[in-house]
Amino acid sequence: MKQLSYITQIVIHVFIGIIIYLYEPFSRVYFIAILGLCSYNIFNAPSKKRHLYVLISCAYIVGSEIFLRMTGGNLLYEASKYFIILFLLIGIILGDGIGKRSVIYIIYLLVLIPGIVVAANTLGYETNVRTAIAFNLSGPICLGVAAIYCYERNVTIQSIQKILLAMILPIITTTVYLFLYNPSIKDVLSGTQSNFEASGGFGPNQVSTILGLGVFLLAGRLFLQSKTLFLKILNIFILILMAYRAIITFSRGGVVVSAVIILFFVAIFYFKSSSGTRNRILFSSLIFGVGVLLTWYVSSLNTGGLIDKRYNNEDALGREKSDVTTGRGVLIANELNEFFENPFLGVGVGKLKELRFEKEGIKAASHNEMSRIVGEHGIFGVIAFLILLLMPLLLRFRNKKNIYFYSFYLFWFLTINHSSMRIAAPAFIYGLCLLNVHYDKPPLHRKQIIK
């Protein structure tokens with residue numbers, strides 16, 4: 001089948017957003033269509049290209065996860081993570097295999113087991129043990145399987161771009177839906193707290209995270225693939241719309257993470273480029289900078305300056321808030337304290353919430369994967385986290401070709417520290433930073449010898 005052009009794919013996904021807004025039950029059809037098309041492509045792909053179709057399918061599911069959740073398209077809340085795990089396992093079984101060195105991530109998965117055993121014996125009778133364990137471990141397991149599949153797998157930079165495009169397209173659909181769901185932020189402003197109405201009636205933190213990821217991916221296309229002025233203008237236009245919707249969720253995490261990883265990406269790209277390429281990077285940076293300033297100006301104007309106060313850690317009256325973490329710092333400290341009290345096996349998967357309610361009478365989550373994993377898994381959680389933290393860096397010493405490496409790695413690390421692993425994005429993006437990226441060698445031009 002002939003591949004659709006970039007613009008055609010964008011138009012299709014714009015219409016998907018419009019159609020599902022007008023008739024939301026179509027979201028279920030969209031979900032089933034995604035699974036059907038992805039399964040067909042994986043099973044019918046040539047063996048040498050199956051890994052690419054597996055990763056493209058997983059990337060598309062990552063990009064569509066939040067949209068499907070907010071429109072009720074997912075059959076199960078964690079369905080996206082389950083199907084990513086399934087597609088990766090199918091790829092392994094059908095012959096893609098895994099590298100010998102990826103065994104370290106099998107160890108990572110194994111050290112999570114004691115926490116499950118503890119949870120089975122400590123979770124309260126009113127808690128559904130299976131649901132609690134599945135909810136808390138679907139993300140870490142998804143990450144482990146993605147890491148096993150991706151570790152030192154050879155891909156070309158062109159393949160990386162196809163994988164990332166598959167992630168961008170459904171995020172464009174999400175952006176279209178948000179504009180239709182809430183055309184004017186002024187109608188739903190109530191202060192400087194995270195805004196559910198501006199987030200499609202869904203969790204602002206998760207929406208901000210996926211939109212921030214989309215902004216980064218579009219910035220990557222702007223710098224690497226926008227060869228013409230038209231493509232530069234198109235990508236910066238979509239980027240501005242996406243960034244605007246991310247900002248007005250009033251959830252800072254996804255926006256701040258996006259800014260950090262874009263800066264790392266541009267800096268690395270600039271210093272690794274030739275002088276001629278650097279000039280193009282500076283031109284693209286100028287366009288990008290103007291777009292960012294315009295986006296912030298419009299956001300500030302439409303929110304009556306409330307967004308400025310949000311990022312200055314102020315309330316609607318301009319008073320500085322006492323805690324920039326909005327209470328999460330205390331929750332993280334409590335989780336770490338549980339680790340010190342139960343250092344060997346931890347309190348068990350999902351038990352932290354129960355303990356917090358028993359001791360303080362509140363149901364709240366820190367959304368910090370680092371404190372959660374050590375609090376619930378004890379010393380085994382420390383081992384698991386150290387594997388995740390150090391293995392990509394050790395791999396980087398051997399292979400420094402992946403231009404996206406630090407941005408992917410930082411996206412994972414920063415996201416799990418403000419949004420935990422509630423969505424599949426940090427798990428899958430972590431896997432992508434383990435890929436072994438190859439670049440096409442320029443053809444050699446030899447002068448013909450005339451005899």
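- Between Tyr149 and Leu55, the closest side-chain pair of non-hydrogen atoms falls below 4.5 Å.
- A distance-only check finds a donor-acceptor pair linking the side chain of Tyr430 to the backbone of Leu388 [under 3.5 Å].
- Put simply, the side chain of Arg252 never gets that close to the backbone of Ser194: no donor and acceptor are under 3.5 Å apart.
- Side chains of Pro140 and Leu112 form a contact here, defined as non-hydrogen atoms less than 4.5 Å apart.
- Lys232 contributes a side-chain N or O that, together with a main-chain N or O of Ser226, makes up a donor-acceptor pair within less than 3.5 Å.
- Geometric assessment of Arg69 against the ring of Phe202 yields a negative cation-pi assignment under the 6.0 Å and 45° thresholds.
- Using the six-membered ring where Trp is involved, Tyr105 and Tyr108 have ring planes that are perpendicular, over 60° apart on the 30 and 60° scheme.
- Checking Thr71 against Glu24 by side-chain atom types alone, no donor-acceptor pair falls below 3.5 Å.
- Here the side chains of His418 and Asn368 are not in contact, with every heavy-atom distance at 4.5 Å or above.
- Panel note: side chain Thr303, backbone Ile307; a donor-acceptor pair is recorded below 3.5 Å.
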For this session: Assess whether salt bridge (charged side-chain N to carboxylate O under 4.0 Å, His left out) is satisfied between Glu65 and Arg422, documenting all intermediate values.
Result: CA-CA 11 Å; Glu65 181 180 23; Arg422 293 184 292 169; over 6 Å; no

For this session: Given ring pair (Phe, Tyr, Trp, His ring centres under 6.0 Å), test His13 with Tyr60 step by step and report yes or no.
Result: CA-CA 12 Å; His13 284 81; Tyr60 194 91; 5.6 Å; yes

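- In this pair, Phe67 and Tyr30 present their aromatic rings perpendicular. The plane angle is above 60°, beyond the 30 to 60° band.
- Relative to the six-membered ring of Phe179, Arg245 meets both conditions, a distance below 6.0 Å and an angle of at most 45° to the axis.
- Looking at Asn44 and Tyr53, their side chains never come closer than 4.5 Å, going by heavy atoms from C-beta outward.
- Not a single donor-acceptor pair under 3.5 Å links the side chain of Ser208 to the backbone N or O of Gly253.
- Defined by atom type and a distance below 3.5 Å, a donor-acceptor pair is present between the side-chain atoms of Asn154 and His438.
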For this session: For the pair Glu335 and Arg372, evaluate salt bridge (charged side-chain N to carboxylate O under 4.0 Å, His left out) and give the outcome as yes or no after the intermediate values.
Result: CA-CA 6 Å; Glu335 291 177 349; Arg372 187 202 66 81; over 6 Å; no

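- In this structure a side-chain-to-backbone donor-acceptor pair under 3.5 Å is missing from Asn182 to Leu178.
- Side-chain contact check for Glu369 versus Phe385: every heavy-atom pair is 4.5 Å or farther apart.
- Just one of Thr415, Val256, Leu410 meets the side chain to side chain contact (heavy atoms under 4.5 Å, CB included) condition when paired with Ile261; it is Leu410.
- Side-chain N/O atoms of Asn195 and Thr249 include no donor and acceptor closer than 3.5 Å.
- Inspection of the Tyr6 and Asn235 side chains reveals an N or O donor paired with an N or O acceptor under 3.5 Å.
- Remark: the backbone N or O of Ile281 is not paired with any side-chain donor or acceptor of Ser284 at under 3.5 angstrom.
- Between the side chains of Asn302 and Tyr244, at least one donor-acceptor pair of N or O atoms lies under 3.5 Å.
- Between Trp296 and Tyr311, a ring centre-to-centre spacing shorter than 6.0 Å is recorded.
- Using cut-offs of 30° and 60° for the angle between ring planes, the Phe87 and Phe83 rings count as tilted.
- For the pair Ser64 (side chain) and Ile61 (backbone), a donor-acceptor distance under 3.5 Å is present.
- Using a 3.5 Å distance cut-off with no hydrogens or angles, the side chains of Gln193 and Arg310 do not pair a donor with an acceptor.
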